[in-house]
2 protein chains.
Amino acid sequence: MVAKPDTVVGANAERSRNHNRQVVLARVRAAGQIGRAEIARSSGLSTQAVSNIIADLLEDGMIAEQGRRSGVRGLPAVQYSLNPCGGYAFGVEIRPDAVFAALLDLAGETIFSERRTQTKHDPESVTATIEALKTRALEKARVPANRVLGAGIVLPGPFGATGIQGSGSELPAWQQIDLQTWFSEALSLPVFVENDANAAAMAERVSGVAQGLETYAFLYFGTGLGLGLVHQGRLIRGAFGNAGEIGHIPVPSAGKSVLLESAVSRLSVQRHLNAAGLAVTSSEDLRLLYASNDPALAAWLEQAAEPLSAAITTVENLFDPQAIILGGAMPDNVLDHLIGAVTLTDRSVARREDRTRPRLLRGASGRMTATLGAAALVINQAFTPMIAVAQ
Amino acid sequence: MVAKPDTVVGANAERSRNHNRQVVLARVRAAGQIGRAEIARSSGLSTQAVSNIIADLLEDGMIAEQGRRSGVRGLPAVQYSLNPCGGYAFGVEIRPDAVFAALLDLAGETIFSERRTQTKHDPESVTATIEALKTRALEKARVPANRVLGAGIVLPGPFGATGIQGSGSELPAWQQIDLQTWFSEALSLPVFVENDANAAAMAERVSGVAQGLETYAFLYFGTGLGLGLVHQGRLIRGAFGNAGEIGHIPVPSAGKSVLLESAVSRLSVQRHLNAAGLAVTSSEDLRLLYASNDPALAAWLEQAAEPLSAAITTVENLFDPQAIILGGAMPDNVLDHLIGAVTLTDRSVARREDRTRPRLLRGASGRMTATLGAAALVINQAFTPMIAVAQ
DNA sequence: TTGATAATTCAACACAGTTGAGTTAACCAC
DNA sequence: GTGGTTAACTCAACTGTGTTGAATTATCAA
């Protein structure tokens with residue numbers, strides 16, 4: 001994030017109402033179908049208050065009536081559920097060579113996505129592409145502009161004090177820019193800026209395998225290796241917005257200590273395969289290579305197991321998540337192999353009797369994870385009540 | 001924590017007011033001295049609202065008037081500051097052999113502390129000791145019972161679904177108990193239950209070296225080795241309340257991968273010294289041993305540097321804290337040595353130009369850290385606005 | 001001395017949630 | 001079926017809390 005720390009502010013009528021709308025919306029979303037009285041019970045609001053808010057949300061098209069529930073005594077409760085077309089989120093992922101965009105509805109469904117190659121890297125050119133993509137998305141999906149709740153912008157971290165942080169970036173002009181303000185003005189929308197791993201984590205929560213999870217971690221294969229940490233439905237960004245740089249942690253590998261990234265990452269596997277004379281550029285290449293039982297890839301996977309296991313153990317014990325998700329720029333079959341190859345130690349707080357879910361999951365969103373995640377930031381925000389958060 | 005997840009609830013007049021009181025109180029505390037208009041500006045409330053709340057807080061004795069500020073144009077602002085005797089927090093640490101208790105005032109000053117040896121370990125006996133300690137604390141410090149804001153109870157984690165989790169604990173009876181309810185009834189106070197590392201982290205925030213920090217980590221030498229994670233002023237507990245089990249992470253040590261706890265912990269140093277024929281039981285023993293340049297201790301410190309450095313690097317990169325604090329059951333000279341021996345890598349998100357603080361700090365609260373932390377949980381809570389948090 | 005500046009208060013007001021009584025529609029037992 | 005029970009829901013009066021804008025006050029600066 002752009003080091004603009006969330007700031008707690010005071011409550012007033014307007015902010016309270018907003019907060020309560022989000023509380024109600026979150027309950028509707030979590031339940032799928034729910035009646036007003038039940039929302040009231042679980043939210044600490046009176047039925048009357050919930051009734052008023054529900055009327056509001058209905059009028060705004062955010063929810064829809066679903067008939068009455070029967071089978072129990074008493075007046076059957078009118079059920080409500082999310083209205084997917086009640087709001088949309090625009091997501092953008094800026095990569096070195098291209099810009100990806102996606103439009104999601106409230107339910108997290110992708111209703112538009114597109115990739116644009118990007119040769120010019122100055123802020124103005126990239127922004128122009130993004131504006132064009134926004135226009136096109138709304139047109140193709142026939143979504144009125146005022147239904148768009150916000151835009152998420154994803155770019156590889158880590159971030160500096162304001163813009164993107166140096167470290168070999170070819171984009172010095174970006175470093176001077178307050179990204180949130182910049183894009184907010186360009187798109188006339190509330191904007192959320194995030195790194196790829198964090199966004200990917202949110203993507204899984206909004207439409208992937210992390211639905212219903214509140215506390216989990218996402219190990220993201222991207223440029224490097226990142227970890228998105230979600231705690232009680234909120235991203236953990238650290239003091240300077242650079243939490244989750246898991247690629248930089250030391251892990252054991254065949255009797256030596258190495259950086260995780262050097263043993264387990266997209267770059268690592270590519271180097272390894274190159275050394276074996278194999279040119280691999282896309283995830284599809286990797287998928288086919290794995291399917292053909294390539295020995296060089298098998299060797300890489302073999303060496304990756306130990307450091308990856310160590311990293312997983314570390315995350316489990318430091319963060320105690322409900323699950324750890326693996327995803328990003330790796331084909332599903334490779335991810336599945338890695339998940340199978342990880343040694344889960346018993347000496348972990350994640351080892352418990354009352355567990356109902358696997359400790360490791362494969363991400364559902366594939367190659368577009370981070371782009372969907374950009375939009376997911378907006379969706380998630382619509383369901384995350386929090387009085388306060390300046391700007 | 002006792003796996004009772006914080007739940008966001010709806011806002012109403014009463015909860016909003018409470019929230020706002022805490023927002024104002026937090027501003028007063030952070031500033032030391034501050035006027036109403038300034039609070040209003042920084043909190044998003046109107047001056048009038050702040051005025052009303054300040055009047056409330058004054059009446060409750062939580063703050064005190066401090067004269068007017070001059071030197072600028074306009075009506076001089078009346079300054080307010082915390083009134084230390086406006087509220088007190090009772091903290092209890094339950095150890096296998098003893099019970100520690102402390103009473104802190106609002107400013108975080110310790111105004112009472114005591115240790116009681118505990119031979120009986122059943123819930124009733126321990127609770128009786130705690131009740132006795134509470135009575136004695138209030139008497140000795142001349143604090144009226146209604147000024148006590150709450151009690152913090154600290155016991156070594158990890159916790160199970162309800163009570164303490166097994167793992168060799170001699171206290172099976174505790175496992176069936178909902179600790180928060182149990183102690184809340186016994187002490188007639190709001191109660192916060194936490195593990196030692198988390199409590200220790202809070203102690204530093206309320207009266208130690210973490211004052212003013214919002215996001216940091218505390219490496220706690222206790223029974224094992226724990227990590228208290230504070231993110232934006234709130235503890236990170238993980239999904240099941242067992243985040244921070246850093247003792248279980250694999251780290252490199254002389255070409256092998258070991259668990260951090262086995263190389264860096266109180267138990268580890270004791271075993272090492274025992275093997276060298278040295279009997280060490282207290283921190284004071286260790287302090288003297290270090291002061292006398294004992295070669296066995298030096299050897300232990302030597303071997304601890306590599307694994308500890310790896311752990312520090314891991315925490316920095318996963319969590320991106322403002323600082324990492326070392327403390328707990330180790331004498332200051334040993335902690336200082338360890339801090340000096342850690343290799344801080346440049347390949348860390350913690351390496352930044354705009355840094356004003358050391359990356360590593362020594363905890364200020366010594367041996368009582370966790371006990372003070374128990375009380376600090378209460379104090380911190382009084383300054384942490386959050387609409388919602390069921391029970 | 002006078003004007004500018006900024007904190008503070010006052011009083012009317014608006015907003016949102018609460019309360020308690022009353023209504024409605026289903027289930028259940030006879 | 002009939003009538004009692006249950007629980008969701010609505011209505012209308014009410015309450016608590018923050019906001020607004022004008023008036024007041026105290027200091028600085030020219």
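Order of the sequence lines fixes the chain letters, A, B, ..., with proteins taken first and strands second; residue numbering starts at 1 for each chain. The basis for the numbers below is simple: all heavy atoms, side chains too, and nothing from hydrogens, waters or symmetry mates.
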Colleague: Which of the following nucleotides, dG18(D), dA16(C), dT8(C), is nearest to the side chain of Arg17(A)?
Modeller: dA16(C)
Colleague: Closest-nucleotide mapping onto DNA chain C: is Gly74(B) or Ala13(A) further toward the 5' terminus? I mean the 5' end.
Modeller: Gly74(B)
Colleague: Quick one: does any side-chain atom of Gln79(B) pair with a main-chain N or O of Gly67(B) as donor and acceptor, under 3.5 Å?
Modeller: no
Colleague: Can you check the Leu75(A) CG to dA7(D) P distance for me, whole Å?
Modeller: 12 Å
Colleague: Does a side-chain N or O of Ser51(A) approach OP1 or OP2 of dT10(D) to a distance below 4.0 Å, or not?
Modeller: yes
Colleague: Whole angstrom is fine here: how far is it from CD in Glu65(B) over to P in dA7(C)?
Modeller: 16 Å
Colleague: Considering only dG17(C), dT10(D), dT19(D), which nucleotide approaches the side chain of Leu45(A) most closely?
Modeller: dG17(C)
Colleague: Look at the side chain of Ser43(A) and the backbone N and O of Val9(B), then say whether any donor-acceptor pair between them is shorter than 3.5 Å.
Modeller: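 Between the backbone of Val9(B) and the side chain of Ser43(A) there is no qualifying donor-acceptor contact (under 3.5 Å).
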Colleague: Which stems does DNA chain C form, counting runs of 3 or more consecutive Watson-Crick or G-U wobble pairs with both distances under 3.5 Å?
Modeller: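 So the stems come out as C:1-30 with D:1-30.
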Colleague: Which residues in residues 33-44 of chain A have at least one heavy atom lying under 4.0 Å from any atom of DNA chain D?
Modeller: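 Output list: Arg36(A), Ala37(A), Arg41(A).
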Colleague: To the nearest angstrom, how far is Arg73(B) atom CZ from dC28(D) atom C1'?
Modeller: 6 Å
Colleague: Quick check: any donor-acceptor pair below 3.5 Å linking the side-chain of Gln48(A) to the base of dC11(D)?
Modeller: yes
Colleague: For a quick test of reading the model, state the closest non-hydrogen atom pair linking Lys134(A) to Leu189(A) and the distance between them.
Modeller: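 Shortest heavy-atom contact: CE-CD1, 4.1 Å.
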Colleague: Looking at the side chain of Pro76(B), which of dT27(D), dT10(D), dT19(D) is the nearest nucleotide?
Modeller: dT27(D)
Colleague: Need to verify one output field. Residue with the more 5' nearest nucleotide on DNA chain D, Glu14(B) or Val78(A)?
Modeller: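 It is Val78(A) whose nearest nucleotide is closer to the 5' end.
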Colleague: Check each residue of residues 53-63 of chain B for a non-hydrogen atom within less than 4.0 Å of any atom in DNA chain C, then write out the ones that pass by number, or none.
Modeller: none
Colleague: Could you work out which one of dA8(D), dG17(C), dA7(C) sits closest to the side chain of Ala77(B)?
Modeller: dA7(C)
Colleague: Quick one: is Asn20(B) getting a side-chain N or O under 4.0 Å of the dG18(D) phosphate, OP1 or OP2?
Modeller: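 The answer is yes; a side-chain N or O of Asn20(B) sits under 4.0 Å from OP1 or OP2.
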